[in-house]
A.B. asks: 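Below: one structure in structure tokens.
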Amino acid sequence: MATESLPGIGTLDTRGRRLNELRLSIVDRCNYRCPYCMPADQIDEKRDFLSPSQRMSADEIELLVRAFVRVGITKLRLTGGEPLLRKDLPTLIRRLAAIEQLEDLALTTNGSLLTAQAGALREAGLHRLTVSMDSLDPRQFAALSGGRGRLDEVLAGVDAAVDAGFASLRINCVIQRGVNEDQILPLSEHFRGTPHVLRFIEYMDVGTLNDWTPQAVVSAAEVRERIAQHYPMIPLSGGVDGTTASRYAYTDGQGEIGFVASVSEPFCSDCGRARVAANGEMYTCLFASSGVDLLTPMRGGADEQALAQRIAAIWSGRQDRYSELRGAAQARALPVRVQMYTVGG
Ligand code: SAM
Ligand code: SF4
Ligand code: SF4
């Protein structure tokens, strides 16, 4: 059944930003414990994760996405925790891929389980894959995953994704000062000359678990300069890729690379992205301290239209621009903020 959009329903927020993209966490659990996201010593397995009944079912996820489509989103990214831990993932993707108005259906994964699942994801209709990779040094990689990840599994996962038909992947990398700065060049050299697009994302003060300091951020400009000293690059026309990354091409024709300056050059004025956690809570900013529960209305019988109206009402009242105000917000030291693994980046 084709979903009608809702003319007249408010999709602009208080700053005139249109809701155009949904980032949806389908599970909050993860098989890694990356210190910047889910540090093992601060996670309580019993207290910190949702029970299966608290998570949205596939039916609820489809209903919710259809409601967001009514409000105008055309892009959906599935994330986690680690989305590949969700057992019904191929079925879920097949159902979401059938929603005509979704022009882009992507998924972000740590890649550890990709070898076994890439074929099924492709077959189910997933359009694009992003794999996170912060190091090409096996020991450092393991440390950055909290001792749980293996680099060779993730590299094999990338190959399996290519074999399955995902021709060009995005590879996300977060550089932390004094931690994995030495990986800037090896990572760029590894992905130069491939169809994959490496994207360096600035380390952010998301959540409250990672002891972030501004000094730990290596700016996108610095990363770019370090690479350009060896491999000159030019900005690609269009500048940003419709999301958040500045796109560059190596001048020797060896492909594309991207930089997301989320801290040093905030892009709040263009941010049309909503987030929903696996329990159906909607967040209008990655740095929000609370979300709005959409699962209770769904379980109370709200249909697509009623949900769409709720979503539009939430979006119309949106004022968020945390990154533009970061200095002041840090100074106020907001005590409660949603965790990265809850909303998935
Ligand atoms: N588990 C999947 C993964 O790691 O790709 C999906 C969820 S993870 C939260 C999504 C992305 O957020 C990853 O690329 C990860 O590197 C990034 N991330 C986590 N904590 C971050 C932080 N403090 N600053 C910047 N990026 C972060
Ligand atoms: Fe898991 Fe991704 Fe967070 Fe690492 S960044 S702990 S892989 S959710
Ligand atoms: Fe969007 Fe919030 Fe990030 Fe600004 S800080 S770009 S409003 S998610």
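Ligands are counted one by one from 1 in listed order, and the atoms in each one are counted from 1 as well. Along the sequence shown, residues carry numbers from 1.
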A.B. asks: By number and element, which atoms of ligand 2 are closer than 4.0 Å to a non-hydrogen atom of N110?
C.D. replies: 7 (S)

A.B. asks: With heavy atoms of F267 as the reference, note each atom of ligand 3 found under 4.0 Å away.
C.D. replies: 6 (S)

A.B. asks: Near C271, which atoms of ligand 3 are under 4.0 Å from a heavy atom of that residue?
C.D. replies: 1 (Fe), 6 (S), 7 (S), 8 (S)

A.B. asks: Using a 4.0 Å cut-off to any heavy atom of S323, which atoms of ligand 3 qualify?
C.D. replies: 5 (S)

A.B. asks: Side chain to side chain contact (heavy atoms under 4.5 Å, CB included) between Y322 and D205: does it pass, once the steps are laid out?
C.D. replies: CA-CA 11 Å; Y322 175 87; D205 47 337; 2.6 Å; yes

A.B. asks: Using a strict cut-off of 4.0 Å, indicate which atoms of ligand 3 neighbour a heavy atom of R275.
C.D. replies: 8 (S)

A.B. asks: Run E222 and R177 through salt bridge (charged side-chain N to carboxylate O under 4.0 Å, His left out) and show every step you take.
C.D. replies: CA-CA 11 Å; E222 180 180 336; R177 178 84 64 202; 2.9 Å; yes

A.B. asks: Pull out every atom of ligand 3 sitting under 4.0 Å from any heavy atom of Y322, numbered as shown with elements.
C.D. replies: 5 (S)

A.B. asks: Check whether any heavy atom of Y341 sits under 4.0 Å from an atom of ligand 1.
C.D. replies: no

A.B. asks: Of the backbone atoms (N, CA, C, O) and the side-chain heavy atoms from C-beta on, which set of N210 has a member under 4.0 Å from an atom of ligand 1: side chain, backbone, both, or neither?
C.D. replies: side chain

A.B. asks: Identify the protein heavy atom lying closest to atom 14 (O) of ligand 1, giving its residue, its atom name and the separation to 0.1 Å.
C.D. replies: S132 OG, 2.7 Å

A.B. asks: Any atom of ligand 1 sitting under 4.0 Å from a heavy atom of S262?
C.D. replies: no

A.B. asks: Nearest protein heavy-atom contact for atom 8 (S) of ligand 3: which residue, which atom, what distance?
C.D. replies: L286 N, 3.3 Å

A.B. asks: I'd like to know whether ligand 3 has R273 as a neighbour, heavy-atom separation below 4.0 Å.
C.D. replies: no

A.B. asks: Which atoms of ligand 2 are found less than 4.0 Å from any heavy atom of G81?
C.D. replies: 8 (S)

A.B. asks: Examine the proximity of ligand 1 to T108 and report which part, side chain or backbone, both or neither, has a heavy atom under 4.0 Å away.
C.D. replies: both

A.B. asks: Quick check against the 3.5 Å criterion: does T14 have a side-chain atom that pairs as donor or acceptor with the backbone of R318?
C.D. replies: yes

A.B. asks: At what distance is the nearest protein heavy atom to atom 2 (Fe) of ligand 3, and which residue and atom is it?
C.D. replies: C285 SG, 2.3 Å

A.B. asks: Quick one: does ligand 3 sit under 4.0 Å from the side chain of R318, the backbone, both or neither, non-hydrogen atoms only?
C.D. replies: side chain

A.B. asks: Could you tell me the residue and atom name of the protein heavy atom closest to atom 4 (Fe) of ligand 3, and the distance to it rounded to 0.1 Å?
C.D. replies: C268 SG, 2.3 Å

A.B. asks: Run the numbers for me: atoms of ligand 3, each under 4.0 Å from some heavy atom of F287, listed by number.
C.D. replies: 5 (S)

A.B. asks: Going by the atom numbers of ligand 2, which of them fall below 4.0 Å from some non-hydrogen atom of M38?
C.D. replies: 6 (S)

A.B. asks: What do we get for R326 next to ligand 3 when only non-hydrogen atoms under 4.0 Å count, side chain, backbone, both or neither?
C.D. replies: neither

A.B. asks: Any idea which atoms of ligand 2 are less than 4.0 Å away from a heavy-atom of C34?
C.D. replies: 4 (Fe), 5 (S), 6 (S), 7 (S)

